[in-house]
Protein chains: 2
Amino acid sequence: MPGKPKKTTIKDIAEMAGVSPATVSRVLSNPSVVSRPRQEAVRRAIKDLSYRPSPIARGLSTGRLPCLHVLISDIRNPFYAEMARGVEDVARNNGYAVVFGNTDDSPERELQYLAHTNELRFAGVIMMSAVGKVDLKKALRELNRPIVLANRLVPGMEADAVILNNERGAYRATKYLIDLGHRKICHLAGLRYSSASAERQRGFVRAVKEAGLDIPQGGVFSGDLRVESGETIGRRLVKEGLKCTAIFAANDLMAIGLISAFESEGIGVPEDVSVIGFDDIGYASLPRVQLTTVKQPSYEMGRAALKMLLERVRGESSAFRTIRFEPELVERGTCGVPRS
Amino acid sequence: MPGKPKKTTIKDIAEMAGVSPATVSRVLSNPSVVSRPRQEAVRRAIKDLSYRPSPIARGLSTGRLPCLHVLISDIRNPFYAEMARGVEDVARNNGYAVVFGNTDDSPERELQYLAHTNELRFAGVIMMSAVGKVDLKKALRELNRPIVLANRLVPGMEADAVILNNERGAYRATKYLIDLGHRKICHLAGLRYSSASAERQRGFVRAVKEAGLDIPQGGVFSGDLRVESGETIGRRLVKEGLKCTAIFAANDLMAIGLISAFESEGIGVPEDVSVIGFDDIGYASLPRVQLTTVKQPSYEMGRAALKMLLERVRGESSAFRTIRFEPELVERGTCGVPRS
DNA sequence: TTGTAGGCGTTATCAC
DNA sequence: GTGATAACGCCTACAA
């Protein structure tokens, strides 16, 4: 094969600039230790040959690839898609590739992905779907790489984190229903092992208690955060005879499922029952949906998570930080005063 | 540092099995050339030390990392999220990591990502958001790696592809409106440079022509496939006085935008105007939305695309193939007979 | 069938 | 400051 292009390497640059490969490498990573004239010679050579160092060779040598691993529950959930987009936007602008993994909230899958993180030497991890299991904390620790927990925390684990003040958001949602006059309020909770879901449930309980109300007997259900589980529970609720006038769902997807079930059973929202969600995904604002909900700035949270991760990856060490975003109640059309 | 773990390498295996590193490498990649007894000795050693070859070292040597690059327009579009999920599911089950890139349909960004593909030596590319530009074809060719075009084709480019029969889907959608009695039908087209959008427009035109109808003066608009552009055009249409009784939108997102605009302007759907979309994203089926549309099996298309890519990556060479999925009309509630 | 040795492109550790 | 030189962990002629 005669015309094999042969990528230009650090040696070509060294030769052209009349220095050693080591010096070229220094110009690239630690310029301050190289004398001015050689620095310039090297830079010119780099430009002339439009040289780009090989990330893989670098990776072999340093043990780090310019790739970030992002673990989410399911990219089809608009809330995650939005965060994912925030993440990717800043990663791209910083020269990092983003590898996504859908866990479906399975701890096994989580571990499986982390093994991959390690093998491929990805530079860091954003864990958005942490399912609090003992071994997860251990696995994350042993990974020995920068990690940012986003959206969900891992109980008992110190780490950088980007989360919403879920408790407060849930409290407000519930308080809103109470102020509307509701006395019997149910809660469709999320995953048992999700810290976000747990916090939302706590916020719900606090609001109810503070108002001196009781949670209806068996009034807290748990779903899996998908539309279908909202539908299932909604139908069950109707069948059993609605024992509440309002429901706070742990996320919009389930709220939408609830509404679907109710309306197909002839129960009007908000005439017969009020429904409030959480997240404020894009569809919540459609005229036909008009879901009252608690907004989280998901895109911004994704960006913030990646920025934190980058700082760590770049070696800026300091104490762990937690960035906590504030929720915002968005009044729309699925809540009203209770039927007298 | 005394207790440095020191990953186990191919040498450790060689030593433990009493063979050379080369032999270990062979059992891993081309076992048939190694004698039975040594093969077993090596495998046992691998198991005992739970050895896993380093993808990076391999990558440096072979020029290929076990990562696949998937280029999409925007992960927040549920249609893409669905395909992305299909892709990731089969990639994961085959030991490949998936790197996603959002192009926002920008040719520059497309090229930028492909440069990354090359630098990081990703094993293959799935291009779902091809914006037909001359240099894209060239860039893809020069990439010198397996490529699968999904969702959109690149004009004049031979390659493996997974697409929907867009022309037929659009034809059916339009025919459906015509059969309902509509005579003045508009089309909200998609991206000018998307082959999928172009095909849909052709299908629309064919149906109208075949029925001996005329397309209303200025009755074909073009949007960018996002909800907002549906809203914008919807409002403009109303302002200018609706000159049609039905509209076929190139995708569901824009259809939803149209409906939002119409309803907020007091125009009923389907009473005053019928709207049909394309894709059948999850939200189309919600009771409150009930969007009539053309379904594409997006998840399956994602899977199919990745399977094709894997075949190529694994070196199974053969002629280029195109897998063409068939669309399916889904009648729901946004189309009706025209107002007399 | 098996082993030796060079190469993949950088970084890092030494001396100088 | 700078330049050899050895890793980094695997693959692959080439030779035996």
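Fair warning: this is a prediction, and the values are worked out from it, not measured in the lab. Order of the sequence lines fixes the chain letters, A, B, ..., with proteins taken first and strands second; residue numbering starts at 1 for each chain.
For A:Ala22, the side-chain atoms get nearest to D:dA4 when compared with the rest of D:dA4, D:dC10, C:dT11. Checking C:dT2, C:dT10, D:dC10 against every side-chain atom of B:Ser35, the shortest atom distance belongs to C:dT2. For B:Thr62, whose side chain is taken as the heavy atoms from C-beta onward, the closest listed nucleotide among D:dG3, D:dC11, D:dC8 is D:dC11. The side chain of A:Ser61 sits closest to C:dT10 out of D:dC11, C:dT10, D:dG9. Distance from the side chain of B:Arg38 is smallest for C:dG3 among the nucleotides C:dT10, D:dC11, C:dG3.
Using a cut-off of 4.0 Å between Lys/Arg side-chain N and Asp/Glu carboxylate O, B:Asp48 and B:Arg44 are scored as not salt-bridged. Comment: B:Arg312 engages B:Asp160 in a salt bridge, judged by a side-chain N to carboxylate O separation of less than 4.0 angstrom.
A donor-acceptor contact under 3.5 Å is not formed by the side chain of A:Arg52 with the base of C:dG9.
The closest side-chain heavy-atom distance from B:Arg76 to A:Tyr299 is below 4.5 Å.
No engagement by A:Val24 is indicated, since no non-hydrogen atom pair under 4.0 Å with the nucleic acid exists. Counting non-hydrogen atoms under 4.0 angstrom, A:Thr23 reaches the backbone sugars and phosphates but no base.
Where B:Val19 and B:Arg121 each meet DNA chain C at their nearest nucleotide, the meeting point lying more 5' is that of B:Val19.
The shortest distance between the side-chain N/O atoms of A:Ser25 and the OP1/OP2 oxygens of C:dT11 is below 4.0 Å.
Considering B:Ser129, B:Ser195, B:Ser194 as possible partners of B:Arg152, the one that fulfils the side chain to side chain donor-acceptor pair (under 3.5 Å) test is B:Ser194.
The separation between B:Leu60 atom CG and C:dG9 atom C1' is 6 Å, rounded to whole Å. Taking atom CZ on A:Arg26 and atom P on C:dA12, their separation rounds to 11 Å, with Å as the unit.
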